[in-house]
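This report concerns only the one structure given below.
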Amino acid sequence: MSSPASHGRELAATFVPADIESRLYQKWLDAGYFTADASSSKEPFTIVLPPPNVTGVLHIGHALDQTLQDCLSRMKRMKGFEVLWLPGMDHAGIATQNVVEKQLASQGKSRHDLGREDFVAKVWEWKAESGGAILDQMKRMGSGVDWTRERFTMDEGMSNAVVSIFKKMYEAGLIYRAERIINWCPRCLTALSDIEVEHQDDAGEFVQIRYGEGEQSIVIATTRAETMLGDGAVAVHPDDPRYQHLIGTEVLLPLVNRMIPIIADELVEMDFGTGAVKVTAAHDPNDFEMAVRHNVPFVVIMNEHGVMDGTGTEFDGMDRFDARVAVVAKLKEMGRIVAEKRPYVHAVGHCSRCDTTVEPRLSKQWFVKVAPLAKASADAVRNGTVKIEPAALEPRYFEWVDNMHDWCISRQLWWGHRIPVWYGPQGEVQVVGPGESAPVGWVQDPDVLDTWFSSGQWAFSTMGWPEKTSDLAKFYPTSVLVTGYDILFFWVVRMMMMSIFAMDGVPPFKTIMLHGLVRDQFGKKMSKSRGNVIDPIEFMDKYGADALRFTLARGANPGTDQALAEDWIGGSRNFATKLWNATRFAMMNGAHVEGDLPAFDSLNDIDRWILSRLNETIAEADALLESYEFSRACELIYHFAWDDLCDWYLELSKETFASENKAASQRVLGHVLDQLLRLLHPAMPFITEELWCTLTGGSSLVDSNWPLAQPLLIDKNSKKVVSALQEVVTEVRRFRNDQGLKPSQKIPGRFSGNKDVIAHKSALHFLLKLEEKDFVPSATLEIAGTIIEVDLTGSIDVEAERARLEKDLATALKDQKTAEVKLGNEGFMAKAPADVVVEIRERLVKTTSEIERITAALAALK
RNA sequence: GGGUGGUUAGCUCAGUGGUAGAGCGCCUCGUUUACACCGAGGAUGUCGGGGGUUCGAAACCCUCACCGCCCACCA
């Protein structure tokens, strides 16, 4: 008979994660776990990972992404799939440039001091460092990176893809250049997309200004008085009775002394302010729209730094905010301020990077015409081609996709893919595709593309698009995208649009699996300023990668945020230690996996029971993992391992393992552990790998098969027996406890009644510290049809026992009453399902006999 | 303003019609040879308020209150 010693391995007495982690990672790497081969005949499973937010700080959110994707990967691999990861390792993130700009700022410099070339070189330098740190975190967690694709960066294959798709979209009329009002950051000197603008409530002012003189005058209301210098018109609602006589006439614009028309436009709300609004075409998006409709001229009054410029007034050269004060002061002097409200709290856009107040600015930018792409993206989800998990988050997706504005993709930055457009001396425009070159003397557009333009191509350009590669043929569309819901708009929608366009209408994923955000222990958002940011590396050092991973997976309910605290991770570490000790104990008792399992019917109740529980757990956990219910799956496996296996099976079997009749149980225990470790491997890869290899002598869980539930190994009767045993054990323990007996104190005791229970009396004697010898009982308990007589050296604590019985009686009476009420309810009897009625009847019978028993016991107490 | 999620034990959260659950924390006992990162036992909830549907509601509907998140061009 084989034993652990036969393959020469033993487990150390204490579990130290650091002792196994780096070794096992290297082992998986050598075994090819982290690579996928398009030529393999296995069924493909592709997982797309979000790009780490490359801000130089490793975030716990990345750890969550990595945990869940690696959970899926490992499970699918064990199920025989060919798994390919598309980890978002690198893209032209604005954040990257931002970090370097901050570094420069601390030296009192800006990127303009360095020049484009040196600046980009500096970003690359920094990127090499931070990228290394992220890879390091992924390795520490044991989550996989396909090393052949990891270095897929913006200066290589991706540039080719970006240029190709730009050209393709341009030719399809989906990319155009236009003068538009865009959000402009006067500090970063760049255009911002809608999602880079954060709206905050700011305390501003709301002033009413009278334009014109006498009869020919109108009062407008504004929060941005300084922009009146660029007004091209005043607008009122076409139906507003107050202003009918003025529509089509002109008023005098104060300070600049220019006559401007009064126009009528339905965009104006009669109820707001004075019902009359100034139209500053070049500095407000609404006004821009109206100006286009009514042919109002665009007057630019500020330069790129937000400084007044070109108004021909005394305000030129003033900062926009200073100018606001000065303009109001001057108008007041002139008696033109009709009303002022200060502070006036209203939403103002801020740059998401530097918090500077955004300045809407007329500017020539490149845009993606979004409507057809957004519609196709919406349809893909509506018609079920792409599934969003959990479905509850679909409305958020639709809300975005259905209301999308055209997407400004040019950025006045230096880090990123340069826009592949060249301008000729006469202003000619040419898009220069891969392998092409512009005529001599032409100049390339200085701007770079929005980061999401390139990262939106992740699902196909990482696989070699526009070439028709074998990777694309096999792994596209990808199986699942695992990411947080916070990135749904930024990244997911872009990937949908870009992929559908590039891949001839085929959406990039079959499933979009959205998880929540990791928050601190009080459910608060983590932020550097709040100081509640969790560093995954720190906790891996302290508790091990498995503990961190299990905590994250256990907390991951679909689409909802999870709170995380050090205590939680400590709890997972405890679980890992428990597994270690249980396996060590099992091996000390000869658990093994050699040969077939003994015939199920030949096994004892305890063995049949644990096999039943195992197979139930396998079936449920598998279904849960397949539906991305990581939290519930982990919870289930955790309780099987700790409660069923450790607390009950091992305890109930100790007597067996100490006896001669243990061979079958040794094989059963080996099997249960073997299967449990496989089941747990996705969530806790390191410890399960170490334990499993030591227990079974197998080479690696990575190459082993996923457990398959065997319904034939589920036996109701054994569950009934063990449940009776559990009841007896728990109740006697409670009795002992109430009687003030120390756990180790042995007392005489014996069983009669329930034969199923008596059959396990030696295990019960062991667990309950009962001695089998002749005695005169001083107390008698009846539990689950079993009579337990014990001797407390002639005397028991009557008061304690009375209290205990009375408590039990109260519970039983309450249960009895609820059952009686239900059964006495005609409506219940008539309409409740038969099985429920039976259940309540049984409950009534049970509680009634309980009450009789307890009442008798109480009467017998002296 | 639009959308959306939440309110269950001290804390963080599961629980989509049939006697309220988990982890951590708390109290008592315990060095019984796998495990004190442990074991045994225990306490704690009119499931946010009010209506309704139902034989039966934490769950379904309505309403109110209070949190939260996302989006947004109210000058």
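When reading the values below, keep in mind they use all heavy atoms of this one structure, side chains included, and skip hydrogens, waters and symmetry mates. Proteins get letters first, then strands, A, B, ... in listed order; numbering begins at 1 in each.
The side chain of A:Trp642 has B:rC38 as its nearest neighbour among B:rA43, B:rC38, B:rG23. The listed nucleotides are B:rA22, B:rC35, B:rU32; the one nearest the side chain of A:Glu651 is B:rC35. Of the candidates B:rG23, B:rU19, B:rC35, the closest approach to any side-chain atom of A:Arg584 belongs to B:rC35. Listed nucleotides B:rA75, B:rG18, B:rC37 differ in distance to A:Val277; the shortest reach to its side chain belongs to B:rA75. Each of B:rC73, B:rA75, B:rG18 was ranked by its minimum atom distance to the side chain of A:Ala832; first place goes to B:rG18. Distances from the side chain of A:Lys578 to the nucleotides B:rC35, B:rC13, B:rA22 place B:rC35 closest. The side chain of A:Met588 approaches B:rA34 more closely than any other nucleotide in the set B:rU19, B:rC11, B:rA34. Minimum atom distance to the side chain of A:Trp568 is reached by B:rU12, of the listed B:rU12, B:rG18, B:rG68. You'll find that the side chain of A:Trp400 is closest to B:rA72, out of B:rA72, B:rC73, B:rG39. Residue A:Asp647 places its side chain closer to B:rG39 than to any other of B:rC11, B:rG18, B:rG39.
Comparing A:Thr222 and A:Asp561 by the nucleotide of RNA chain B whose heavy atom lies nearest to each, the residue mapping closer to the 5' end is A:Asp561. Sequence order on RNA chain B of the closest nucleotides to A:Gly275 and A:Asp815 puts A:Asp815 first from the 5' end.
Among the heavy atoms of the strands, none lies under 4.0 Å from A:Thr583. Among the heavy atoms of the strands lying under 4.0 Å from A:Ala221 is at least one base atom, whether or not backbone atoms are also near. A:Phe766 comes within contact range of no nucleotide atom at all, as no heavy-atom separation falls under 4.0 Å. Counting non-hydrogen atoms under 4.0 angstrom, A:Asp738 reaches nothing in the nucleic acid. Looking at heavy-atom distances under 4.0 Å, A:Thr730 makes contact with sugar-phosphate atoms alone, never a base. Here A:Arg554 lies in heavy-atom contact (under 4.0 Å) with sugar-phosphate atoms only. Within 4.0 Å (heavy atoms only), A:Pro360 reaches no atom of the nucleic acid at all. The residue A:Lys525 sits close only to the backbone: its heavy atoms come under 4.0 Å of sugar-phosphate atoms, none of a base. Counting non-hydrogen atoms under 4.0 angstrom, A:Lys822 reaches a base of the nucleic acid.
The environment of A:Arg841 atom CZ is sparse: at most 12 non-hydrogen atoms of other residues, nucleotides or ligands sit within 6.0 angstrom.
The side chain of A:Ser572 places no N or O atom within less than 4.0 Å of a non-bridging phosphate oxygen (OP1 or OP2) of B:rG23.
Across all strands shown, B:rG48 pairs with B:rC64; the Watson-Crick or G-U wobble distances both stay below 3.5 Å. In this structure, B:rG41 and B:rC27 make a Watson-Crick or G-U wobble pair, each of the two defining distances being under 3.5 angstrom.
For the pair A:Phe206/A:Thr222, no side-chain contact is recorded, criterion being any heavy-atom separation below 4.5 Å from C-beta on. Between A:Gln739 and A:Leu792 there is a side-chain heavy-atom pair separated by less than 4.5 Å. In this structure, the side chains of A:Val728 and A:Leu725 stay at 4.5 Å or more apart for every pair of heavy atoms.
At a cut-off of 3.5 angstrom, the base of B:rC73 holds at least one donor-acceptor pair with the side chain of A:Asn286. Judged by distance alone with a 3.5 Å cut-off, a donor-acceptor contact links the side chain of A:Glu399 to the base of B:rG2. Side-chain atoms of A:Lys742 stay outside donor-acceptor range of the base of B:rC29, with no qualifying N/O pair under 3.5 Å. Remark: the A:Arg573 side chain and the B:rC37 base include a donor-acceptor N/O pair separated by less than 3.5 Å.
Spacing between atom CG of A:Asn581 and atom P of B:rU32 amounts to 16 Å, rounded to whole angstrom units.
Remark: A:Lys578 is not positioned above the aromatic ring of A:Tyr638, lacking an NZ or CZ atom under 6.0 angstrom from the ring centre and at most 45 degrees off the axis.
Below 30°, between 30° and 60°, or above 60°: for A:Phe575 and A:Phe550 the angle between ring planes is between 30° and 60°, a tilted geometry.
The six-membered or imidazole ring of A:Phe288 lies near that of A:Phe298, with a centre-to-centre distance under 6.0 Å.
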